[in-house]
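Just so you know, ligand 1 is whichever comes first in the structure, and atom 1 is the first atom listed for that ligand. Since the structure is predicted, the reported quantities are computational estimates derived from the model, not experimental observations.
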Amino acid sequence: MCGIVGYVGHRQAQDVVIEGLRRLEYRGYDSAGIALVADGALATQKRAGKLANLEKAIADHPLPASDIGIGHTRWATHGAPNDVNAHPHTGGSRRVALVHNGIIENFAELRARIEADDHVMLSETDTEVAAQLLELQVESGIDLATAMLRVVRQLEGAFTLVAVDADDPTRVVAARRNSPLVVGIGEGENFLGSDVAAFIEHTREAMELDQDQVVTITPEGVSVLNFDGTPAEGRRYHVDWDLSAAEKDGHDWFMRKEIHEQPRAVADSLLGRRTAEGHLHLDEMRLSDQELRDVDKIIIIAAGTSFYAGMVAKYAIEHWCRIPVEVELSSEFRYRDPILDYSTLVVAISQSGETADTLQAIRHARTQRSKVLAICNTNGSTIPRESDAVIYTHAGPEIGVASTKGFLTQLVACYLLALYLAQVKGTRYGDEIDQVMAQLEEMPAHIQRVLDDAPAIYEMAREHVDTRSVLFLGRHAGYPVALEGALKLKELAYIHAEGFAAGELKHGPIALVEAGLPVLCVVPPAGRDQLRDKMVSGIQEVRARGARTICLVEDGDDAITPYADRIVRLPRVPVLLQPLVAVVPLQLFACELATEMGHDVDQPRNLAKSVTVE
Ligand code: M6R
């Protein structure tokens with residue numbers, strides 16, 4: 001939550017900072033602000049609302065030329081999203097400007113102390129406390145990095161802080177604890193960002209930092225200190241995607257672009273996973289075969305869409321590996337005193353790798369001696385760094401706030417994990433694993449086929465602009481798909497949507513059904529137990545009560561036709577893999593419906609892409 005940019009070098013800092021904020025705006029869009037250092041003074045501008053408001057304010061009141069600056073795009077926690085609470089915040093004599101992501105938990109106590117010393121606070125934010133403290137430190141005659149070290153030792157909570165000092169136009173200083181920050185390494189210039197998108201236009205060389213470190217960037221270099229003042233080294237890496245991946249590429253929304261990228265993303269996610277001998281091989285597994293053989297229980301933790309990927313993983317892992325799997329919301333996990341030990345494998349699924357609830361949950365698991373495996377899309381992010389093993393999903397940057405290709409590639413990673421465990425534990429023969437891998441390798445073509453039918457889904461979505469409520473039904477692996485379809489509609493179209501396990505309907509929710517209510521039904525492939533037949537009964541029951549049924553059905557299954565008001569055809573795939581194709585029409589439906597309703601699809605209200613506060 002919140003996007004942060006810092007720059008020092010030879011370019012116009014205003015351009016670099018504003019462009020960086022544009023690429024980070026998906027992290028929060030309650031307000032935006034910038035601070036530059038010019039002629040020994042701070043020049044700041046900040047506005048409530050989207051970045052466009054800040055740009056207009058700068059156009060009306062131009063800022064001076066400067067080659068050093070910081071910027072911020074906010075997802076409000078403390079204080080309403082207005083101009084005063086927007087970042088950057090400054091100290092009382094406007095010498096230091098500071099931006100912040102996270103929550104300073106002891107801010108009330110610190111604020112009382114500052115106010116008792118007759119300093120006036122202008123905003124309701126926790127951030128201003130850090131700005132005031134930092135300015136008081138530099139005014140005592142020490143440099144900005146030392147001042148930052150002294151301030152962070154007083155703070156409790158999670159934070160990334162980035163600051164400039166009007167008396168020192170050569171450096172930007174930042175600190176991080178439990179909140180994201182990466183360094184971009186340039187030639188005669190250096191960058192800071194909440195993620196690499198902030199500077200990808202200028203450099204693909206990056207440096208990740210550890211927890212509890214202060215970093216200083218100057219045009220010539222980068223230096224890192226631990227919070228105890230000892231020198232440290234960041235880990236440098238090359239970003240494997242470029243600016244074009246962070247552009248809309250002719251689409252109206254990043255989300256629509258990302259939906260259409262899914263065949264490629266799924267293919268990339270499968271790339272290089274088999275050895276020449278045909279064995280599954282996962283690059284950053286880092287857990288030995290013996291450690292995996294010792295696993296007798298798996299707990300999957302995740303939030304939102306990633307949680308639904310975890311629900312699908314449970315079906316796959318239990319079926320292929322015969323290991324019991326629990327799936328739990330990361331925000332609930334550590335509060336129920338979960339039973340964990342060295343033989344429990346905790347799998348944390350997170351597209352961003354920064355979700356605070358999931359991060360705290362894996363920390364708890366590790367204190368209980370459990371091994372943690374992360375499934376993550378973001379190289380250099382905190383969750384994979386703090387895990388024992390990682391499966392990167394290789395979806396490329398996901399910028400739309402609503403997860404799409406992130407979800408599909410998480411599913412692929414879950415299937416790969418399940419098959420890998422089956423290979424190590426010997427619960428499936430090699431040829432069975434080969435067969436599923438071959439089916440997975442066909443999925444990009446199947447997903448493309450669903451995308452080719454997008455115009456029909458769009459037309460259906462446009463027919464639903466006046467709809468105020470939609471239900472989604474699924475069974476087995478189709479149940480998480482129903483939940484994901486409902487989440488997409490809630491977050492994008494702001495209408496009531498609920499997903500149900502079709503069998504549960506009769507136990508209460510069927511009372512919601514009334515004439516004309518749209519019910520989207522994810523029909524399982526024929527031939528697996530009686531899943532499909534049971535689903536057909538459920539569809540008949542809601543239709544008998546007046547619902548309009550929209551059925552997602554595999555090619556060749558005509559048994560549904562008499563009970564469906566609309567049919568959406570899906571390619572024939574095995575039941576466990578069906579989520580990879582079944583969710584795509586639901587993504588297209590939500591994207592188009594929200595567009596038609598005039599909503600901002602990439603930046604839905606009240607949301608942020610990366611939820612870095614608990
Ligand atoms: O980055 P993560 O995968 O940890 O994020 C988890 C959720 O916040 C995320 O999936 C959220 O639910 C999305 N807005 C769904 O579209």
Side-chain angles (χ1 to χ4, degrees), residues 1-3 26-29 75 178-180 194-195 197 253-256 258-259 262 265 300-313 327-333 346-362 372 374-387 390-393 395-414 480-481 483-494 497 499 583-584 586-591 594 599-614:
M1 270 155 172
C2 301
Y26 68 90
R27 301 180 70 93
Y29 28 86
W75 188 87
N178 290 337
S179 180
S194 299
D195 67 50
W253 305 114
F254 277 110
M255 181 190 180
R256 207 184 302 267
E258 288 158 6
I259 293 173
Q262 292 181 121
I300 300 177
I301 48 173
T305 291
S306 302
F307 177 74
Y308 302 144
M311 288 176 72
V312 176
V327 192
E328 177 129 21
L329 291 168
S330 31
S331 53
E332 291 291 322
F333 175 69
V346 171
V347 177
I349 308 179
S350 174
Q351 187 285 133
S352 63
E354 299 292 351
T355 298
D357 291 318
T358 309
L359 180 58
Q360 294 305 338
I362 67 168
V372 175
I375 291 179
C376 184
N377 190 38
T378 312
N379 206 299
S381 58
T382 310
I383 290 172
R385 260 211 338 273
E386 295 199 12
S387 299
V390 194
I391 302 178
Y392 281 111
T393 54
E398 188 179 68
I399 293 169
V401 164
S403 187
T404 53
K405 64 176 181 173
F407 178 61
L408 255 61
T409 54
Q410 285 170 346
L411 292 177
V412 170
C414 290
V481 173
L483 294 170
E484 171 62 2
L487 177 62
K488 286 284 137 323
L489 214 50
K490 278 184 260 206
E491 64 182 337
L492 299 176
Y494 319 148
V583 80
V584 178
L586 307 185
Q587 298 168 339
L588 292 165
F589 182 79
C591 180
H599 298 319
D600 186 333
V601 167
D602 284 338
Q603 297 178 350
R605 70 182 179 203
N606 305 336
L607 295 178
K609 181 73 182 161
S610 171
V611 183
T612 52
V613 291
E614 280 182 273

statement: Quick note on ligand 1: atoms under 4.0 Å from a heavy atom of S350 include exactly 1 (O), 2 (P), 3 (O), 4 (O)

- prompt: For ligand 1, which atoms have a heavy atom of S306 less than 4.0 angstrom away?
  reply: 2 (P), 3 (O), 10 (O)

Identify, for [atom], the protein heavy atom at the shortest distance, and state residue, atom and that distance.
| atom | answer |
| --- | --- |
| atom 6 (C) of ligand 1 | A303 O, 3.3 Å |
| atom 8 (O) of ligand 1 | V611 CG2, 4.1 Å |
| atom 15 (C) of ligand 1 | T305 OG1, 3.0 Å |
| atom 16 (O) of ligand 1 | E491 OE2, 2.5 Å |
| atom 2 (P) of ligand 1 | T355 OG1, 3.3 Å |
| atom 1 (O) of ligand 1 | S352 OG, 2.6 Å |

query: For T358 and ligand 1, does the shortest N/O to N/O distance drop below 3.5 Å?
result: no

Backbone of M255 reached by a side-chain donor or acceptor of D602 within 3.5 Å: yes

- request: Under 4.0 Å, heavy atoms only, figure out whether ligand 1 is touched by the backbone of K488, its side chain, both or neither.
  value: side chain

task: Sort out for me which residue in E398, K488, Q587 forms a side-chain hydrogen bond (donor to acceptor under 3.5 Å, both in side chains) with S403.
output: E398

statement: The reported gap from CD in E491 to CG in L489 (rounded to nearest 0.5 angstrom) is 10.0 Å

